[in-house]
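Quick note on labels: first sequence line is chain A, next is B, and so on, each numbered from 1. Computed from a predicted model, the values in this text were never measured in an experiment.
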Amino acid sequence: MATDDTIPITVEFSGGLELLFANQRKLTLSIPTYNENRTRSNIAFLVQHLCDNLMKDPRKDMFVLDGTVRPGILVLINEADWELEGEEKYEIQKGDNILFVSTLHGG
Amino acid sequence: MASSTIVESLRKQIASCEAQLKDLRRQLAEAEHYQQQQREQDSLHQTTAAYSDPFTHDMSYGIHDDFRSEVFAALSHVEVGSPSRKWPLDKTEYKRYGRQLIMPEIGLQGQLCLKEASVLIVGVGGLGCPAAAYLVGSGVGTVGLIDGDIVEESNLHRQVLHSTASVGMSKVDSARVALNSLNPNVRLVAHPSRLTSESAISILQDYDVVLDCTDTPASRYLISDACVLLGKPLVSASALRTDGQLMVLNYPPRPVGDPSGGPCYRCVFPKPPPAESVVSCGDGGILGPVVGVMGVLQALEAIKLLTRQTNEVFRHVEPKPADPPTLLIFSAYSNPMFRSIRLRNRRQKCAACSAQSSVTPEALKSGSLDYVQFCGTISPINALASNERISAENYAKIRLEVNPYTGMEPDKDSHILVDVREKVQFGLCSLEGSLNVPFSTITTTLPNLANTWHNDEIPQAQGWVTELKNHPEKPIFVICRLGNDSQLSVKKMKELGLDHSGQRWIGDIKGGLKAWRNNVDREFPEY
Ligand SMILES: [Zn+2]
């Protein structure tokens with residue numbers, strides 16, 4: 001039920017992060033349009049929301065460290081590095097695709 | 001502001017002049033080539049003329065034109081074979097590279113670019129082997145190989161240059177043998193040791209392009225820093241399980257402080273990941289073709305970089321700005337398997353490539369930059385007290401021998417053996433009578449289960465807790481692959497109250513199944 005109160009988005013995980021989310025590579029979900037401070041939900045909100053509500057693994061620091069995604073994770077908003085979009089402050093839009101990629105090191 | 005415009009404009013002018021110069025050189029080469037051909041034809045005709053005199057006098061009549069042309073052909077054939085006639089490539093090279101030579105992307109000039117080029121491959125493993133094979137196959141003039149490891153049997157499913165016979169040999173030597181038989185025209189340079197911060201600059205400086213085929217964050221930062229300082233493009237790839245990633249970094253390789261250069265590894269990942277989050281192929285697993293795909297793509301990107309000039313200058317293709325930096329993600333079990341992600345440009349405050357850079361050649365050479373420390377290390381897990389642990393040998397006595405004090409027969413039912421490896425690994429081999437409770441299940445089990453039954457998954461996940469609670473009198477022995485997860489599992493089991501406030505013994509088997517194999521049962525499989 002995508003009303004004006006919620007924003008439907010797609011969240012994807014790659015590079016092993018899916019293992020923290022019960023092996024799901026793609027999630028379709030709705031997040032509140034406004035968070036408790038009555039400000040638009042942004043990436044920072046989404047990250048906390050995923051960590052608190054959807055992450056199955058108790059090792060939260062594998063995803064979030066010091067209040068933001070841990071080093072070694074790229075956040076990609078609609079196929080582009082989040083640094084091009086305003087990072088954590090990017091306000092999530094209807095239908096956005098947010099991809100979290102953990103860097104790999106094997107070779 | 002104005003000075004940066006001037007710098008930019010001068011740079012463009014230089015690039016344009018260089019392109020013109022290259023074009024002129026090509027025209028000169030072509031003109032010389034034509035001149036040479038003309039000379040040969042002229043001398044051929046003179047020779048023929050000298051011979052043709054007697055022909056016209058008394059023998060020419062009655063000699064068939066076909067025969068004459070055969071004579072010319074024979075004479076000209078001698079000419080072609082003589083050393084005076086210079087083709088840009090050796091006859092065998094035309095044959096060997098023929099299939100790529102006829103492609104407009106390569107052509108004669110592209111092949112000459114490859115022949116003049118040198119590529120350094122750091123790491124001759126799952127990425128480096130296929131990358132090296134294709135680059136050597138394509139006729140890159142010089143290929144350098146760095147690796148300090150020796151070939152192990154567990155490498156062979158993916159490290160395609162090494163063979164069963166080369167197990168125990170250094171990877172660099174093993175690769176040299178294979179690559180030399182693939183293409184003896186290529187000069188191979190061996191660096192049979194690990195790349196260090198002190199040696200990085202002096203080794204990398206001799207090459208045009210560097211391929212990062214290593215497997216640790218520390219080496220990735222080191223290679224990137226050295227490439228930035230030396231102005232070398234870097235083709236970086238990695239792979240784990242069913243996923244791979246590829247980036248072309250520091251391209252274009254502009255000087256440190258020039259924001260128009262391509263981003264470096266530090267721009268993309270300014271901080272290293274926590275050491276606990278880094279999973280190796282040995283722990284996480286790797287599918288051979290997955291890492292193979294990534295290595296092949298590295299070779300492809302290197303060939304594209306090395307022949308790029310050719311396309312612009314000789315095919316008169318409009319010089320395009322370099323492609324925007326991207327991360328290519330390969331995911332073997334996703335659909336589509338490939339996706340390309342637009343990366344950021346150079347980071348304004350990058351520690352390596354920005355004007356505020358703190359990474360200098362001197363710091364690198366002196367070894368004052370400790371990459372291993374920068375990336376952190378995992379200290380060996382030591383979570384349990386000594387009375388919570390038992391050696392594999394002593395556990396074997398419990399299983400296999402009569403108790404010398406009580407005279408009791410050994411009994412597997414006297415205790416519970418919990419194997420906390422993941423289900424797939426447990427399926428490969430396990431000790432008889434052991435109960436499999438995967439580590440991932442244990443860590444995700446919540447302490448106060450009774451209150452959190454709102455989710456379908458919880459009762460299933462807590463089944464193992466109930467099962468273990470059903471036999472409160474039996475001690476629990478926990479085993480895993482190497483003896484790390486078992487310690488954490490023991491702690492967690494105690495937190496979950498399975499030790500009945502200390503009434504039941506719960507402990508782990510030190511060193512896990514590895515110790516069991518080394519000290520008790522040599523027949524237990526190693527994987
Ligand atoms: Zn940088």
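A salt bridge between A/Arg59 and B/Glu276 is absent, with no side-chain N of the basic residue lying under 4.0 Å from a carboxylate O of the acidic one.
More than 12 heavy-atom neighbours from other residues, nucleotides or ligands sit within 6.0 angstrom of NZ on B/Lys492. Within 6.0 Å of the NZ atom in A/Lys60, the count of heavy atoms belonging to other residues, nucleotides or ligands exceeds 12.
There is no contact between A/Glu85 and chain B, counting heavy-atom distances below 4.5 Å. Neither the backbone nor the side chain of B/Arg158 comes within less than 4.5 Å of any heavy atom of chain A. When heavy atoms are compared at a cutoff of 4.5 Å, B/Arg344 approaches chain A by way of both its backbone and its side chain. Of the two parts of B/Thr214, only the backbone, made up of N, CA, C and O, holds a non-hydrogen atom closer than 4.5 Å to a non-hydrogen atom of chain A. Looking at B/Ser440, there are no atoms closer than 4.5 Å to chain A (heavy atoms on both sides), in backbone or side chain. Of the two parts of B/Gln159, neither the backbone nor the side chain holds a non-hydrogen atom closer than 4.5 Å to a non-hydrogen atom of chain A.
Using non-hydrogen atoms only and a strict 4.5 Å limit, the part of residues 100-107 of chain A facing chain B consists of A/Val101, A/Ser102, A/Thr103, A/Leu104, A/His105, A/Gly106, A/Gly107. Residues of residues 261-274 of chain B that come within less than 4.5 angstrom of chain A, heavy atom to heavy atom, are B/Tyr265, B/Val268, B/Phe269, B/Lys271, B/Pro272, B/Pro273, B/Pro274 in numerical order.
The distance from the OG atom of B/Ser277 to the CG atom of A/Asp61 is 9.0 Å, given to the nearest 0.5 Å. The distance from the CG atom of A/Leu19 to the CD atom of B/Glu422 is 9.0 Å, given to the nearest 0.5 Å. Between B/Leu343 atom CG and A/Leu74 atom CG the span is 6.5 Å, to the nearest 0.5 Å.
In terms of non-hydrogen atom pairs under 4.5 Å with chain A, the most contact-rich of B/Pro217, B/Cys281, B/Ser219 is B/Pro217. The candidate with the highest count of non-hydrogen atom pairs below 4.5 Å against chain B, out of A/Ser14, A/Pro58, A/Gly16, is A/Pro58.
Residues passing the side-chain hydrogen bond (donor to acceptor under 3.5 Å, both in side chains) test with B/Tyr134: none are found, sequence neighbours excluded.
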Using atom types as modelled, flag every donor-acceptor pair under 3.5 Å from a side chain in residues 324-338 of chain B to any protein atom, sequence neighbours excluded.
{"residue": "B/Ser331", "atom": "OG", "partner": "A/Arg25", "partner atom": "NH1", "Å": "3.1"}
{"residue": "B/Ser331", "atom": "OG", "partner": "B/Asp243", "partner atom": "OD1", "Å": "3.1"}
{"residue": "B/Ser331", "atom": "OG", "partner": "B/Ser334", "partner atom": "OG", "Å": "3.0"}

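The side-chain heavy atoms of B/Thr443 and A/Lys56, taken from C-beta on, include no pair separated by under 4.5 Å. Using a 4.5 Å cut-off on side-chain heavy atoms (C-beta onward), B/Arg342 and A/Asp81 make no contact.
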